[in-house]
2 protein chains.
Amino acid sequence: MPTTPLFRRIDVAPAYQKVADAIEREIINGRIKPGEPIGTEQQLVAQFGVNRSTVREGIRVLEEGGLIRRDSSRRLQACLPRYNKLATRLSRALILHEVTFRELFETSMTLEVASVEGAVERATEENIAELAGNLERSAAVVGNPAALAELDAEFHVLMAKASQNRVLQLAREPAAQLFFPTTEMIVGGVPEGGTRLVEAHHHLLDAIKRRDKEAGVLWTRRHLQDWRRGFEKIASLDRSVEHTYMEHAYAARQ
Amino acid sequence: MPTTPLFRRIDVAPAYQKVADAIEREIINGRIKPGEPIGTEQQLVAQFGVNRSTVREGIRVLEEGGLIRRDSSRRLQACLPRYNKLATRLSRALILHEVTFRELFETSMTLEVASVEGAVERATEENIAELAGNLERSAAVVGNPAALAELDAEFHVLMAKASQNRVLQLAREPAAQLFFPTTEMIVGGVPEGGTRLVEAHHHLLDAIKRRDKEAGVLWTRRHLQDWRRGFEKIASLDRSVEHTYMEHAYAARQ
DNA sequence: CTTATCAATTTGTCCGACAAAGCTAGATTT
DNA sequence: AAATCTAGCTTTGTCGGACAAATTGATAAG
């Protein structure tokens, strides 16, 4: 053993990480509130006493984590991490783990049912109005698979919102991002698919209005089973969510 | 309008972002597989024709996103984004959105029930052995709230794993990360809490072994209701998951 | 009071440099 | 000859300085 090295090895993390952690702490514990400015790179350089390159690496970390962003004029400010940005990364992870549509379907079934149950219990007038607006627009584009698929995804987002449960909203998002893009393929490939979809949404909204949980759950099940039958006509549930398919869900990120 | 600027404004994204996107694409579409090396910073500098600082900023973005990491000797390599790293980001988001324990409880109830249903249907012998091992260790530390709480969290992770549904595993993680740390407080604060917890786990494992879905769901509900009653003795369900509390879930990240 | 102009900031990028840690391969020891 | 040691080469993390483009703010002009 060489000369006993008294007191070493305390400072483990690299500087850029410490910069990121320091800023993160201020945001998490509320000393910097969402929307408030973080300061310029120069100021951070001065405060932390490190080089600008180092500060910038730390900033990238936080930016990617969704904790800070640059406003219209590129000034740094704290922000609330947006669900769907984070969800995009989760979706990416799911793809890389090569999950199957069966797993996606099963989980979505669970989450959408929970979502509608919450909506039936707690939807506000505003929630219902939003859903009604979506339904109206959907009915108008029933023959256009792309537009209808997009509105379908929105409908389910609105329903999760109506549940007033933000944890649920977040939990369903990653699966939904991978699940719903297939709607277009299905509606386009199955005659009457569009009509059935709008009809299901109609019943769902109706159930929410009447606070009829049983009907809500029933129609959610039917709606998803419909999706499943449609999907099985064009692909296998046990195939993984492929890289090629991914480009749909992915391009949407931008 | 000044001199008509023929052909401009194509190159929107900053260079570091393009570097990150380029590497990300290679990983997502499978040309670089998890575990494979990305190359040294110098090589990336040469390939992309940008400065090393720029490359490094791009690397930070991917690193934070969990798509690449540095191995033991700090060389860059692609990797599979780990669920719990991503889940930590989500938990952080939930905290910042100031979700309540009620939302957390409701969603966890849904997800844990789905989890046990899957486990009852599809648990392998290995899954069951892991659960049994956990149960045995739990029984041995029934008087130690901290150790028991940790094993409780692990039990539920193992159950999700036993469901063979990776989407579900991922979906439950963020809520679980915030939900389970309270177990320690509850078990420590309620007499017989530890015993009841181990008993519930025992019944759950038993239900899985007997492939008895009804019993599995029943005991999951009881188990969580127990948590809820315990929680309400020490705090309100409608209080937000506070910043102070967060330090638990948070320190665990490290 | 609005508009045009101009200087000061700020960001994104580049260049070059250096210490510390890791790796490689030749030199040394057994 | 096998194991070990050592010295040199790489690579990463960090630093300092520099500059063009975009943005801001303030000042001057109408």
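Here is the naming used below: chain letters follow the sequence lines, and residue numbers restart at 1 for every chain. These figures come from a predicted structure and were not determined experimentally.
When distances run from any side-chain atom of A:Ala15 to the nucleotides D:dT14, D:dA22, C:dT13, the shortest one goes to D:dT14.
Note on residues 145-168 of chain B: pairs passing ring-ring contact (aromatic ring centres under 6.0 Å, His included), not counting sequence neighbours, are B:Phe155-B:His201, B:His156-B:Phe180, B:His156-B:His201, B:His156-B:His223. Residue pairs meeting the ring-ring contact (aromatic ring centres under 6.0 Å, His included) criterion with at least one member in residues 62-85 of chain B, sequence neighbours excluded, are A:His97-B:Tyr83. Sorted by first then second residue, the salt bridge (charged side-chain N to carboxylate O under 4.0 Å, His left out) pairs that include residues 167-177 of chain B, not counting sequence neighbours, are B:Glu112-B:Arg172.
Projected onto DNA chain D by closest heavy-atom contact, B:Ser73 and A:Ser72 fall at different nucleotides, the more 5' of which corresponds to B:Ser73.
A search for salt bridge (Lys or Arg N to Asp or Glu O under 4.0 Å) contacts involving A:Glu36 returns nothing, not counting sequence neighbours. With sequence neighbours excluded, no residue forms a ring pair (Phe, Tyr, Trp, His ring centres under 6.0 Å) with B:Phe48.
No side-chain donor from either of B:Asn134 and B:Glu130 sits under 3.5 Å from a side-chain acceptor of the other.
A:Asp71 places its CG atom 14 Å from the C1' atom of D:dA22, with the value rounded to the nearest Å. Put simply, OH on A:Tyr16 is 7 Å from P on D:dT14, counting in whole angstrom units.
Taking only side-chain nitrogens and oxygens, A:Arg70 comes nearer than 4.0 Å to OP1 or OP2 of C:dT11.
Using a 4.0 Å cut-off on heavy atoms, the residues of residues 38-63 of chain B that approach DNA chain D are B:Thr40, B:Glu41, B:Arg52, B:Arg56, B:Arg60, listed by number.
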